[in-house]
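This structure is a prediction, so every number in the text was calculated from the model and none was measured. Below, read A as the first sequence line, B as the second, and so on, with proteins coming before strands; counting in each chain starts at 1. Keep in mind that the numbers below use all heavy atoms, side chains included, and drop hydrogens, waters and symmetry copies.
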There are 2 protein chains.
Amino acid sequence: MPPADPAPAKRDKALAARRRKILEAAVMCFLENGYHQTGVRDIAAKAGISLGNLYNHFSGKHDVLVEIATLELEELAPFIRRLRRPGPALKALDRFVASYAKYLSAPENIILSIEITSEAIRKDDLAALFMENRKALVDALADLLSRGVQSGELVLRSDPQESAELVLELIEGRAYHSVLGQVPMLRLLPGLKVFLRAALGVFR
Amino acid sequence: MPPADPAPAKRDKALAARRRKILEAAVMCFLENGYHQTGVRDIAAKAGISLGNLYNHFSGKHDVLVEIATLELEELAPFIRRLRRPGPALKALDRFVASYAKYLSAPENIILSIEITSEAIRKDDLAALFMENRKALVDALADLLSRGVQSGELVLRSDPQESAELVLELIEGRAYHSVLGQVPMLRLLPGLKVFLRAALGVFR
DNA sequence: TCTCCTTGAACGAACGATCGTTCATCGTAT
DNA sequence: ATACGATGAACGATCGTTCGTTCAAGGAGA
C-alpha cells in the first residue's frame with residue numbers, strides 16, 4: 001500500500017519547485033560562462049543550495065543539461081500547435097516566421113541552443129532528444145507547406161519536407177548571425193521574409 | 001641588426017614545421033573530444049612532443065585555437081578569389097554553391113567551425129577574427145549577386161549584402177544538418193540548389 | 001500532550017583526477 | 001664554453017562525484 005495521499009503531493013510540488021530553481025540557476029550559469037566552463041559548484045551556489053544537495057535532485061552535471069534541453073525543446077510545442085491549426089496556409093506561414101523569429105531574437109535562446117547543440121555532437125542522448133523534437137517541428141511545417149501548395153498559395157520546387165528544413169535553417173541562421181554579429185533580429189526580419197516568399201514561390 | 005641570414009632561414013622553416021605539426025595534432029584532438037574536453041597534455045602527446053615544449057611554440061591553449069581558426073578561415077580565400085573572377089554570374093554562383101557545399105561536406109570542417117564559433121561567443125578576439133573573414137566572403141558573394149542582377153540573370157528582392165548572407169547561411173545550415181542528422185551532404189545538394197534558384201529569382 | 005523514532009532533505013569535507021601553466025634542469029650542437 | 005631547444009616534475013586551482021553526518025519535521029505510542 002502506498003503512503004498517505006495528501007502530504008506526499010505537497011512534498012512533490014515543493015520538490016519540483018526546487019528542481020526548477022536549480023535548473024534556472026544552471027541556465028544562468030551556462031549562458032554566462034558556457035556549459036564546460038561552469039562547475040557544479042557554480043550551479044549550486046547560484047541556486048543557493050549546497051553541492052551535495054544538488055546531487056539529491058540530479059544524477060550529475062550532464063543530467064542537468066539534458067533536463068534543460070528537454071524544457072527548451074518543449075517550448076517548440078506551441079509553434080507546432082499553431083502550425084497545425086487549419087486556415088489559409090500563407091497567413092499561417094507568415095505568422096510562424098514572425099513568431100519563431102521573435103522567439104529566437106532572445107539571445108538566451110540562441111546561446112543555449114548553441115551550447116546544447118555543440119554538446120550534442122558527442123553525446124548521443126542529447127542528439128537524439130534534439131533530433132526528435134526538431135523532426136516534429138519540421139513535419140508540422142512541411143504539412144503546412146503542402147497545404148499551401150494544394151491551395152495554390154505557394155509553389156515548391158522540391159519536396160515539402162526538405163523545404164521545411166530549409167525554411168527553419170534560414171530563420172535560425174539569421175538568429176545566429178544576429179547574436180554573433182550583434183545585429184538586432186528585428187532588423188533582419190523584413191529581408192528574411194522577402195527572401196522566403198521568393199524561395200517558396202509566393203509571387204508566382 | 002638582424003642575425004645572420006642563411007642559418008636562421010632554415011631554422012625558421014623547421015620551427016614552422018613543428019608548429020604545424022602541433023596544430024594538426026590539436027585539430028585532431030579538438031575534433032575527437034572538443035576544445036574544452038581536450039587537455040594541453042593531449043595535444044602535446046598527439047604531437048609527440050613534451051608538455052613544456054608546447055609552450056615554447058604557443059603562448060597557451062587559447063593561442064592554439066586562435067591559430068587554428070586563422071588557418072581555417074584562410075581556406076575561404078580560394079572561394080573569394082573564384083567569386084571575384086569575371087564571367088557569367090549564374091554559372092559562377094552555381095559553381096560556388098557546389099564547391100562551398102562540398103567543402104562543408106567534410107564533417108571535420110563543420111565540427112571545427114562549431115567548436116570555434118561556440119568559443120567565439122565568449123572570446124572577443126575569436127569573434128573578431130571570425131566576423132572579419134566572413135565579411136570578406138559575404139562581400140564577394142554580394143558583388144557577384146549584384147553582377148547577376150545587372151546582367152538580368154537573377155532577380156533579388158532585397159539588397160545583395162543581405163541576400164549573400166542568407167545564401168551562405170542556407171548552405172551552412174544544410175551542412176550542420178548533414179552532420180547532426182548523419183545525412184550525406186551530397187543528398188542535400190540538389191534540393192538546396194533548387195531552393196536557392198527560386199529564392200534568387202533565377203526562373204524569372 | 002509529551003516522547004520516541006523514523007524519514008529524508010541538506011550539508012560540506014574529502015577524494016582522486018585533471019586542469020593550464022611555470023621553470024629548473026639536462027643534453028646537444030656550435 | 002656557450003647557447004638553447006626540449007623535458008617533465010611540480011604547482012595551485014578546480015573538476016565531478018561520493019558519502020558520512022546533521023537535523024528539522026511527521027507519525028506512532030504513551
Side-chain angles (χ1 to χ4, degrees), chain A residues 1-23 25-26 29-30 32-68 115 119 122-123 125-126, chain B residues 1-23 25-26 29-30 32-68 115 119 122-123 125-126:
Chain A
M1 193 158 308
D5 258 346
K10 216 198 282 180
R11 257 242 313 267
D12 285 358
K13 204 158 211 170
L15 206 134
R18 219 140 28 195
R19 275 177 70 95
R20 219 184 35 237
K21 192 176 68 177
I22 297 175
L23 288 178
C29 290
F30 293 165
E32 195 170 348
N33 300 113
Y35 175 68
H36 289 289
Q37 293 93 309
T38 297
V40 194
R41 285 163 185 80
D42 302 327
I43 302 173
K46 180 83 83 177
I49 64 163
S50 72
L51 177 57
N53 194 14
L54 193 149
Y55 279 85
N56 290 333
H57 295 280
F58 298 94
S59 70
K61 191 188 178 189
H62 177 71
D63 185 37
V64 172
L65 184 62
V66 171
E67 297 261 330
I68 289 177
E115 217 67 51
E119 183 67 5
R122 276 167 282 260
K123 295 288 165 64
D125 55 345
L126 266 181
Chain B
M1 193 157 308
D5 259 347
K10 217 197 284 181
R11 257 242 312 266
D12 285 358
K13 204 158 212 170
L15 205 133
R18 215 141 28 198
R19 275 176 71 93
R20 217 184 39 237
K21 192 176 65 175
I22 297 174
L23 287 179
C29 290
F30 293 165
E32 196 170 346
N33 300 112
Y35 175 68
H36 288 289
Q37 293 94 309
T38 296
V40 195
R41 285 162 184 80
D42 301 328
I43 302 173
K46 181 84 82 176
I49 64 165
S50 71
L51 176 58
N53 194 13
L54 192 149
Y55 280 84
N56 291 333
H57 296 279
F58 298 94
S59 69
K61 192 188 177 188
H62 178 71
D63 186 35
V64 172
L65 184 62
V66 171
E67 297 261 329
I68 288 177
E115 217 67 50
E119 183 68 6
R122 274 166 284 260
K123 294 290 165 63
D125 55 346
L126 266 180

Nearest to the B:Lys61 side chain among C:dG20, C:dA9, D:dC15, which nucleotide is it?
C:dG20
Quick one: B:Leu51 CG to C:dT25 C1', roughly how many Å, whole number?
15 Å
Take atom CZ of A:Arg19 and atom C1' of C:dA9, then tell me their distance rounded to the nearest Å.
15 Å
Within the side chain of B:Arg19, is there an N or O that forms a donor-acceptor pair under 3.5 Å with the backbone of B:His57?
yes
Need one value for B:Gly60: base, sugar-phosphate or nothing, where a base atom within 4.0 Å counts as base even if backbone is also close, heavy atoms only.
sugar-phosphate
For the pair made of NE2 in A:His36 and P in D:dC15, what is the distance, rounded to whole Å?
13 Å
How is A:Ser59 classified with respect to the nucleic acid when contacts are heavy atoms under 4.0 Å: base, sugar-phosphate, or nothing?
nothing
Measure the distance from CG on A:Asn53 to P on C:dC11 and round it to the nearest whole Å.
5 Å
Hey, what's the ring geometry for A:His36 with B:His36, parallel, tilted or perpendicular (30° and 60° as the breaks)?
parallel
Quick one: A:Leu54 CG to C:dG12 C1', roughly how many Å, whole number?
13 Å
Contact class for A:Gly39 (heavy atom, under 4.0 Å): base, sugar-phosphate, or nothing?
sugar-phosphate
Distance alone, cut at 3.5 Å: any donor-acceptor contact between the side chains of B:Glu119 and B:His62?
no
Donor-acceptor contact present, side-chain A:Thr38 to main-chain A:Cys29, <3.5 Å:
yes
Across the strands shown, which category fits B:His57 at heavy-atom distances under 4.0 angstrom: base, sugar-phosphate, nothing?
sugar-phosphate
Output the rounded distance in Å from CG (A:Leu65) to C1' (D:dG16).
15 Å
How close or far is atom C1' of C:dT22 from atom OH of B:Tyr55, stated in whole angstroms?
9 Å
Donor-acceptor pair, distance only, cut-off 3.5 Å: does the side chain of A:Glu115 make one with the backbone of A:Gly34?
no
Which nucleotide in C:dC19, D:dG5, C:dA10 has an atom nearest any side-chain atom of B:Arg18:
D:dG5
Between the base of C:dA10 and the side chain of A:Asn56, is there any donor-acceptor pair under 3.5 Å?
yes
If you check every side-chain atom of A:Ser50, which of C:dG12, C:dA9, D:dA6 has the closest atom?
C:dG12
Quick check on C:dT21: is either OP1 or OP2 less than 4.0 Å from any side-chain nitrogen or oxygen of B:Arg41?
no
Taken to the nearest whole Å, CD1/B:Ile49 to P/D:dT7 is 7 Å
